[in-house]
Participant: 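So that we are looking at the same thing, I have put the structure below in structure tokens.
Chain letters run A, B, ... following the sequence lines, proteins first, then strands; residues in each count from 1. Remember, predicted model here, so these are calculated numbers, not experimental data.
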There are 2 protein chains.
Amino acid sequence: MAVTLKDVAALAGVSVKTVSNVVNGYSFVKPANRKLVEDALVATGYRPNIGARNLRRGRTGFFALMVPELGIPYFGELAAMIITAAHERDRNVLIEQTWGQRDLERSTLASLGPHLVDGAILSPEALEAEDFALLGPDVPVLMVGEHAVEARLDRVAIDNVLAARTAVEHLVRLGRRRIACIGENPRRGTSAMRLQGYREALADAGMPADAELVAPAVNYHRRDGAEAMRALLELPDPPDAVFCFNDMLAVGALRAAAERGVQVPADLAVVGFDGSEEGAYSTPTLTSIAPDKAAIAERAVERLTTRIDTGLPHESAFIQTPFVLEVRESTAGRRA
Amino acid sequence: MAVTLKDVAALAGVSVKTVSNVVNGYSFVKPANRKLVEDALVATGYRPNIGARNLRRGRTGFFALMVPELGIPYFGELAAMIITAAHERDRNVLIEQTWGQRDLERSTLASLGPHLVDGAILSPEALEAEDFALLGPDVPVLMVGEHAVEARLDRVAIDNVLAARTAVEHLVRLGRRRIACIGENPRRGTSAMRLQGYREALADAGMPADAELVAPAVNYHRRDGAEAMRALLELPDPPDAVFCFNDMLAVGALRAAAERGVQVPADLAVVGFDGSEEGAYSTPTLTSIAPDKAAIAERAVERLTTRIDTGLPHESAFIQTPFVLEVRESTAGRRA
DNA sequence: CATCGTTGGAGCAACGTTGTAAAGGCAAGT
DNA sequence: ACTTGCCTTTACAACGTTGCTCCAACGATG
């Protein structure tokens, strides 16, 4: 059986509470007793029972992290960093995957009772504003990334409109004339912001907004990017540049270009979004908007923990994190 | 505040225990009372306090999953599937990342007390056999993937030697004559098995085992693959094929080849290991050994839960899961 | 009519921890 | 010597749940 405070106390010859005090670093314990207890702790190999402690404290010490899918590199990396940041604050992370499905996102939201987790970090894809009624009133939650929903929640994200503009302005500066984008999807929050940035950049450059250059994507997987790119390449007047709303779409686009014998970047410049390491090693390497994921993870966990610890419903904030445009081969040089 | 059994009982006008019985589907409850309780449950929105329940039951309902790094696609995807499989059995998964460092793996092992988790699924990279002494005697654990350690534990994995042989035999059959490999590393369990398969395949083909064609890799990231490949390409008599011990190494190798202007597959055939989706979209697409990750996840979780539920220290088993060789462009056709 | 078994329900205690309050010890001040 | 006050330690209760034991009511049986 597991070692409890009682066992340690018996060995050390003190009360259970004194052991508890030592374990928690609390109050004043006489050095002699402290030594006794510490020796007993080592001898028994005591480990606190988290469940019992949390029961007593009324906290669970757990966060939920709701993401579409860990197998997507962006979310895998983000989850990795969030777990690390949470551990630094003695919290554990429970990962809930929703596969981008609204019903799974809804049921996840509804399950965020105060018993299971102290709070949650959400990265929804299909939630509507009304769904947030499912949330318990006292559950601190926070969103990472942009989302169309207008919930009154804390958010940690980069400026998606600006980032998208930056990407497209880069293409404009290269002299590209027919700049397409891939990823339009009314049900995805990120889509709206990135589309807006794309349009703003085109407008600023005095370029027409050609509807046939805006390629939709149901999901943001490589397959979707490849399909969208194939469709774009079959246009009578195909694009000479494409801005993809994430790196996986961009990798798919590179593949479709390779299949068609379209040279990147000579015939087609490609920009992605996420700054994934995959893009740094693809052929050609991929220019991409790289959000500072470590900053997102750190700020998100920091904000959530302080909100939990203070318990007060302060103003909900938008915490903006930095990004950079990583320029690589897929947009190298000028048009041939 | 959270709703407790007491609240529900007060509303329904029955005892706490009766509510508990209804919640757990236990014993015989008079239909009238059952109805009363169920209505009260709905009205209050009761959710059981997991911590209290686990405290009482002596179980936590949590697994630990120890992996090097979620940001690595293979482990991200595997974690995704393990979480799903665990949820189907009403368990939650706590993810511990070790970044392949032995000290972090050791401390994770040591922290697997009976208090925090009921059991653990391990994917160590640097652990030595002696480290398993850190494990509590009653903690059910299971390893996924091959590892050099000879611990007496359940293991779920593919036949790594056979898989590696299959990959190299494929290269032999293509007519390749100087077949290199990337990933040799005495501190990694997988390395030994895959190296053995590589050597067996060469021996079977009557080809010499040239030590300079065995490229080491400290880590198994893209960067390491690229570095190793650059070194191989600088040999006086460079290889015409390379078997990489995982897909990320292979992607790095593709990149190094592209930089040097080496044509894949004409000048160099490349085989990876993991069957990652990244390899299905790289340029050229990557031939790879694809383990059935879903089967690994399912069998691992199944085995661990039954071991926890029965509590008996049955014979430790090696559960073998299938794999296939996905043949793609990086090994297409014969040598030019 | 007494006994018994069956069915439905309830009370108590305990899981391991920590907050509270109170008790014990000791030294300095009256 | 006796109070006062501080430092240290302790007993107790409680967090929410469930296993166990016991109780009540009932119909069936001898």
Participant: Please tell me which of A:Lys30 and B:Val23 maps to the more 5' nucleotide of DNA chain D, matching each residue to the nucleotide holding its nearest heavy atom.
Facilitator: A:Lys30
Participant: For the pair made of CG in B:Leu36 and P in C:dG9, what is the distance, rounded to whole Å?
Facilitator: 10 Å
Participant: Regarding B:Asn54 and B:Thr60, is there a side-chain donor-to-acceptor distance under 3.5 Å anywhere?
Facilitator: no
Participant: Between B:Arg53 and D:dG16, does any side-chain N or O lie under 4.0 Å from OP1 or OP2?
Facilitator: no
Participant: Can you tell me if B:Ser20 touches the phosphate of D:dT18, counting only side-chain N or O atoms and a distance under 4.0 Å to OP1 or OP2?
Facilitator: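 B:Ser20 to D:dT18 OP1/OP2: side-chain N or O found under 4.0 Å.
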Participant: Rounded to whole angstroms, how far apart are CG on A:Asn49 and C1' on C:dT18?
Facilitator: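 That distance rounds to 13 Å.
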Participant: Counting only side-chain heavy atoms from C-beta out, which of C:dT20, D:dT17, C:dT17 sits nearest to A:Lys17?
Facilitator: C:dT20
Participant: Does A:Asn24 make a side-chain N or O approach to OP1 or OP2 of C:dT18 shorter than 4.0 Å?
Facilitator: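 It does, given that an N or O in the side chain of A:Asn24 lies less than 4.0 Å from OP1 or OP2 of C:dT18.
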Participant: Any idea which of C:dG19, D:dT9, D:dG16 is nearest the A:Val29 side chain?
Facilitator: D:dT9
Participant: A:Val14 has a side chain; which of D:dG16, D:dT18, D:dT10 sits nearest to it?
Facilitator: D:dT10
Participant: Going by an N to O cut-off under 4.0 Å, is there a salt bridge joining A:Asp118 and A:Arg59?
Facilitator: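 Answer for the salt bridge query: no.
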Participant: Between A:Phe62 and B:Phe62, is the gap from one ring center to the other below 6.0 Å?
Facilitator: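 Yes; B:Phe62 has its ring centre under 6.0 Å from that of A:Phe62.
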Participant: Which is true for A:Asn54 with a 4.0 Å heavy-atom rule: it touches a base, it touches only sugar-phosphate, or it touches nothing?
Facilitator: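 A:Asn54: no heavy atom of the nucleic acid under 4.0 Å.
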Participant: Run the numbers on B:Thr98 and B:Gln101 for side-chain contact (heavy atoms from CB on, under 4.5 Å), then give the verdict.
Facilitator: CA-CA 6 Å; B:Thr98 64; B:Gln101 294 168 30; 5.8 Å; no
Participant: Roughly, in whole Å, what's the span from NZ in A:Lys35 to P in D:dT9?
Facilitator: 15 Å
Participant: Please report the distance, rounded to the nearest Å, between CZ in A:Phe28 and P in D:dC6.
Facilitator: 12 Å
Participant: Give the rounded distance in Å between these two atoms: CZ of B:Arg34 and P of C:dG8.
Facilitator: 10 Å
Participant: In whole angstroms, how far is the P atom of C:dG19 from the CG atom of A:Leu5?
Facilitator: 12 Å
Participant: Base, sugar-phosphate, or nothing for B:Thr18, non-hydrogen atoms under 4.0 angstrom?
Facilitator: sugar-phosphate
Participant: Quick one: does A:Arg56 reach the base of C:dT17 with a side-chain donor-acceptor pair under 3.5 Å?
Facilitator: no
Participant: Scan side-chain atoms only and decide if A:Thr18 and A:Ser15 contain a donor-acceptor pair under the 3.5 Å cut-off.
Facilitator: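 A:Ser15 and A:Thr18 do have a side-chain donor-acceptor pair below 3.5 Å.
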Participant: Provide, to the nearest angstrom, the distance between the CG atom belonging to A:Asn21 and the C1' atom belonging to C:dT17.
Facilitator: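 After rounding, the gap between these two atoms is 12 Å.
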Participant: Can you check whether B:Ser15 has a side-chain N or O nearer than 4.0 Å to OP1 or OP2 of C:dA10?
Facilitator: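 Checking C:dA10 against B:Ser15, a side-chain N or O does come within under 4.0 Å of OP1 or OP2.
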Participant: Take A:Arg47 and B:Asn33, find for each the nucleotide of DNA chain C with the closest heavy atom, and name the residue whose nucleotide sits nearer the 5' end.
Facilitator: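 On the 5' side of the pair lies B:Asn33.
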Participant: By nearest heavy atom, map B:Pro31 and B:Arg57 onto DNA chain C; which one lands nearer the 5' end?
Facilitator: B:Pro31
Participant: What's the CD1-P distance between B:Ile50 and D:dT17, to the nearest Å?
Facilitator: 9 Å
Participant: I want to check something: taking the side chain as every heavy atom from C-beta on, are B:Val23 and B:Val8 in contact at a cut-off of under 4.5 Å?
Facilitator: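 No, every pair of side-chain atoms sits at 4.5 Å or beyond.
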Participant: Is there a donor on the side chain of A:Lys6 or the base of C:dG16 sitting less than 3.5 Å from an acceptor on the other?
Facilitator: no
